[in-house]
Amino acid sequence: MKVIEKDGSIQELTFEDELGKKAFRHTTAHILAQAVKRLYPTAKCAIGPAIENGFYYDFEFDFEFSSENLGEIEKEMKKIVKENLPLRHYILNREDALKLMAERNEPYKAELINDLPEGTELSFFEQGDYVELCAGPHVTYTSAVKAFQLTSTAGAYWKGNEKNKMLTRIYGTSFPKKEQLNEYLTRMEEAKKRDHRKLGKELGLFALMEEGPGFPFFLPKGMVLKNLLIDYWRKIHTREGYVEISTPIMLNRQLWETSGHWDHYRENMYTTEIDETDFAVKPMNCPGGMLVYKMQPHSYRDLPIRMGELGLVHRHEKSGALHGLMRVRCFTQDDAHIYMTEEQIPDEIKGVVRLIDEVYTKFGFKYHVELSTRPENSIGSDKDWETATNGLRGALDDLGLPYVVNEGDGAFYGPKIDFHLEDSIGRTWQCGTIQLDFQLPQRFEAEYTGVDGEKHRPIMIHRVVYGSIERFIGILIEHYAGKFPLWLAPVQIKILPISDKFADYAKKIEHDFKSAGYRCETDERSEKIGYKIREAQLNQIPYMVIVGEKESESRTISIRKRDQGDIGSSTIQEFLALLEKELADL
């Protein structure tokens, strides 16, 4: 397909090209806006960008708009596609642009024009009777948009500011082929069934309450899951030579000024005043870790020092961005900071990559890697950035790991490697990251004594594996659809006595299982066994153990497996051996 860019140039691209995909979906957003203006001429257009997996457009309507209107709009969009309208790009000066927007009754577009600096070239795209203030890119004809669907509506404040008017946001997606659209919609239906907010509530894992928006409550079963992840994290980090520390949740302004966060990250930080001194709740663990490093002198013989921290951090997120456990205002970051010499960079990076690979493989995730380079708001010298970026690139090349370069998307203090997980239904999530940092050790004047007897600055790696434990739990819930593997299930075995007469035998079995280290519960309610089985199945319990008269007399158990149903009778010892083998095979 041919794509028109901001400068009016045309290039040949495919939907697989990022720019091609953006142009395709941006054009679909324009088709949506044109259809809305044809059907509802008094509607006012705001903005309509391409986004990941689709597009949206914000409108002001003078009537009660609902999702029932979407079918009518889709029909009009199909007409526009069939009309095969060409998209024409042109430039206007400010005066003519404002005049055009006034004629078309588009006050939001006029406001956008007035927000731009004097002398800015104002780019417009025209398709038939529709004209849009827009920088592009777009495909050259509307007929290129073969398959699309409007998916939902939502409220959205103009410019994301709750003090502004609430607009109606219409979401949609589009693809070159109907088959691609159908595959996507099927995947989205599956995603709805797996929604971690729904399953988290049904399985009793966590709660989201209006008393603390963005601050999740973990329930007993959720705490079991969280602690299992933490136990696993501690086990592999101890093996890899990490020591664990804990730093305060709140530290004074001077620290955050030294680290650079006060200048570069303050809008995301919660602040307060103690004894007439400004303090901030930590959004990151690294400055506190740096203070720990500086508590005692270090020699080159001590390096590398690997310090891990499961630190609770707080970051201010706008209310509209909050989403279950995926986007919260407080979370546990499984941080680690490695202090090393320049010569140790390749080996340490490779060690972290191997550790991350081991963890993701255990959970059954595929992943891809991105190398993010120096952003515009960076601190530090060109030489440091070049050395840091080459260090990361060299480690990836040595490992033979494919990666994509993400220009300008590094942290303000250093380049980074990001790991993007692919879950069981093909969605990607950014979790693990490795950041190489020359700046923080300089800012904090961290030192070690080199082999030459002189003082030197260590180089620092910031890295996470889970990223956020809360977010990782959300991803795991959706990845497994709540069916956690045996080692990770909050309740591994549910014991179901057929009647009260067998409660004592059931409690004895529960004691035996718990003594062997398994997490189990007994359902002692006076309910029919079929009801108990269905409920345990809905709660995604890996194993159900049923006991009645026959089992009580023979001192055996009947076993049901979550995805297999009845798998027969056995002794308690045989069943424990089965569980042990299943755990060993993971």
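Numbering of residues begins at 1 and proceeds along the displayed sequence.
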- Less than 4.0 Å between a side-chain N and a carboxylate O, is that true for R427 and E52? no
- Message: Could you walk me through whether H196 and H479 satisfy the ring pair (Phe, Tyr, Trp, His ring centres under 6.0 Å) test, starting with their C-alpha distance in whole Å, then the side-chain angles of each, then the deciding distance to 0.1 Å, before giving a yes or no?
- Response: CA-CA 9 Å; H196 74 285; H479 176 58; over 10 Å; no
- When the ring planes of Y360 and Y367 are compared, do they come out parallel, tilted or perpendicular, using 30° and 60° as the limits? perpendicular
- Query: What distance separates I417 CD1 from N406 CG, expressed to the nearest 0.5 Å?
  - Reply: 12.5 Å
- Message: Taking the side chain as everything from C-beta on, heavy atoms only, tell me whether Y293 gets closer than 4.5 Å to I305.
- Response: yes
- Message: Using the rule given for side chain to side chain donor-acceptor pair (under 3.5 Å), can you reason through W429 versus E422, listing the C-alpha separation, both sets of side-chain angles and the distance that settles it, and then say yes or no?
- Response: CA-CA 7 Å; W429 310 89; E422 183 181 324; over 6 Å; no
- Do you know which two heavy atoms are closest between G288 and L251, and how far apart they sit? CA-CD1, 4.3 Å
- Message: Test of understanding: with salt bridge (Lys or Arg N to Asp or Glu O under 4.0 Å), list the residues that count as partners of E244, not counting sequence neighbours.
- Response: R234
- Query: Going by atom types alone, do H298 and T449 pair a side-chain donor with an acceptor below 3.5 Å?
  - Reply: no
- Task: Report the distance from atom OH of Y339 to atom CE of M307, rounding to the nearest 0.5 Å.
- Result: 5.5 Å
- Query: With a 4.5 Å limit on heavy-atom distance, are the side chains of H323 and R197 in contact?
  - Reply: yes
- Indicate the atoms forming the closest heavy-atom contact of L421 with C431, along with that distance. CD1-SG, 3.7 Å
- Kindly give the heavy-atom pair with the smallest separation between F15 and S174, and that separation in Å. CZ-O, 3.8 Å
- Could you tell me whether a side-chain N or O of R94 sits under 3.5 Å from a main-chain N or O of I113, the two making a donor and an acceptor? yes
- Item | Atom of C286, atom of L440 and distance for their closest heavy-atom approach | CB-CD2, 4.0 Å
- Query: In chain order, what residues pass the salt bridge (Lys or Arg N to Asp or Glu O under 4.0 Å) check against E183, with sequence neighbours excluded?
  - Reply: none
- Please collect all ring pair (Phe, Tyr, Trp, His ring centres under 6.0 Å) contacts where either partner lies in residues 438-457, sequence neighbours excluded, each pair once. Y448-H456
- Message: So does P283 get a backbone contact from the side chain of R315, meaning a donor-acceptor N/O pair under 3.5 Å?
- Response: yes
- Between K226 and E470, is the closest basic N to carboxylate O distance under 4.0 Å? yes
- Task: Mind listing the closest non-hydrogen atom pair of H314 and F215 along with its distance?
- Result: CD2-CE2, 3.8 Å
- Message: Quick one, W262 and T271 - any side-chain contact, counting heavy atoms below 4.5 Å?
- Response: yes
- Ignoring hydrogens and angles, tell me if any N or O in the side chain of Y466 forms a donor-acceptor pair with the backbone of T332 under 3.5 Å. no
- Side-chain heavy atoms of E407 within contact of D409, under 4.5 Å: no
- Message: Please give me the minimum heavy-atom distance between C45 and A33, naming the atom from each residue.
- Response: SG-CB, 4.3 Å
- Determine whether F419 and V353 make a side-chain contact, defined as any pair of heavy atoms from C-beta on separated by less than 4.5 Å. yes
- Message: If the condition is salt bridge (Lys or Arg N to Asp or Glu O under 4.0 Å), which residues does D275 pass it with, not counting sequence neighbours?
- Response: none
- Message: Between H316 and N268, does the side chain to side chain donor-acceptor pair (under 3.5 Å) criterion hold? Intermediate values first, please.
- Response: CA-CA 5 Å; H316 177 62; N268 298 102; over 6 Å; no
- Sequence neighbours excluded, which residues qualify as side chain to side chain donor-acceptor pair (under 3.5 Å) partners of T151? none
- Query: Do Y403 and V405 have side chains that get closer than 4.5 Å, going by heavy atoms?
  - Reply: yes
- Check each of H337, E240, E348 against R306 using the side-chain hydrogen bond (donor to acceptor under 3.5 Å, both in side chains) test, and report the only one that passes. E348
- Close side-chain approach of M290 and P441, heavy atoms under 4.5 Å: yes
- Task: Answer yes or no: is there an ion pair linking D17 with K22, defined by an N-O contact shorter than 4.0 Å?
- Result: no
- Would you please name every residue forming a salt bridge (Lys or Arg N to Asp or Glu O under 4.0 Å) with D357, sequence neighbours left out? none
- Short side-chain to backbone donor-acceptor contact, D334 and G467, under 3.5 Å: yes
- Query: Atom CZ in R329, atom OH in Y270: separation rounded to 0.5 Å?
  - Reply: 4.5 Å
- Quick one: does E478's side chain have a donor or acceptor within less than 3.5 Å of a partner on I475's backbone? no
- Message: If you count every heavy atom of other residues, nucleotides or ligands that lies below 6.0 Å from E210 atom CD, does the total exceed 12?
- Response: no
- Heavy-atom side-chain proximity of L116 to L122 below 4.5 angstrom: yes
- Query: Are the side chain of R25 and the backbone of G20 linked by a donor-acceptor contact shorter than 3.5 Å?
  - Reply: no
- Within the side chain of Q430, is there an N or O that forms a donor-acceptor pair under 3.5 Å with the backbone of G432? yes
- Message: Quiz question: by atom type and distance under 3.5 Å, do the side chains of T433 and D418 form a donor-acceptor pair?
- Response: yes
- Stepwise side-chain contact (heavy atoms from CB on, under 4.5 Å) check, R443 with D437: CA-CA 11 Å; R443 284 174 164 259; D437 184 1; over 6 Å; no
- Message: Treating Q344 as the side-chain partner and L303 as the backbone partner, does any N or O pair qualify as donor plus acceptor under 3.5 Å?
- Response: yes
- Gap separating the CZ atom of R457 from the CD1 atom of I459, nearest 0.5 angstrom: 12.0 Å
- Task: State plainly whether the residues E370 and K416 are in salt-bridge range, i.e. N to O under 4.0 Å.
- Result: no
- Run the numbers on R253 and E257 for salt bridge (Lys or Arg N to Asp or Glu O under 4.0 Å), then give the verdict. CA-CA 6 Å; R253 173 177 176 169; E257 287 177 335; 2.8 Å; yes
- Query: Relative to the ring of F484, is the ring of Y480 parallel (under 30°), tilted (30 to 60°) or perpendicular (over 60°)?
  - Reply: perpendicular
- Lys NZ or Arg CZ of K362 over W487 ring: under 6.0 Å, within 45°: yes
- Task: Determine whether the side chains of T428 and H420 contain a donor N or O and an acceptor N or O closer than 3.5 Å.
- Result: no
- Item | Short side-chain to backbone donor-acceptor contact, K282 and T247, under 3.5 Å | yes
- Query: Hey, are Q442 and D384 close enough side-chain-wise for a donor-acceptor pair under 3.5 Å?
  - Reply: yes
- Between the side chain of N390 and the main-chain N/O of R393, is any donor-acceptor distance below 3.5 Å? no
- Task: Hey, could you give me the CD1/CG distance between I47 and D58, rounded to the nearest 0.5 Å?
- Result: 5.0 Å
- Message: Can you tell me which residue among Y184, F55, F24 is in a ring-ring contact (aromatic ring centres under 6.0 Å, His included) with F175?
- Response: Y184
- Task: Verify the neighbour count for atom CZ of R239: are there more than 12 heavy atoms of other residues, nucleotides or ligands below 6.0 Å?
- Result: yes
- salt_bridge(E162, K318) N-O dist < 4.0 Å: no
- Task: State the OG-CG distance between S424 and L476, to the nearest 0.5 angstrom.
- Result: 10.5 Å
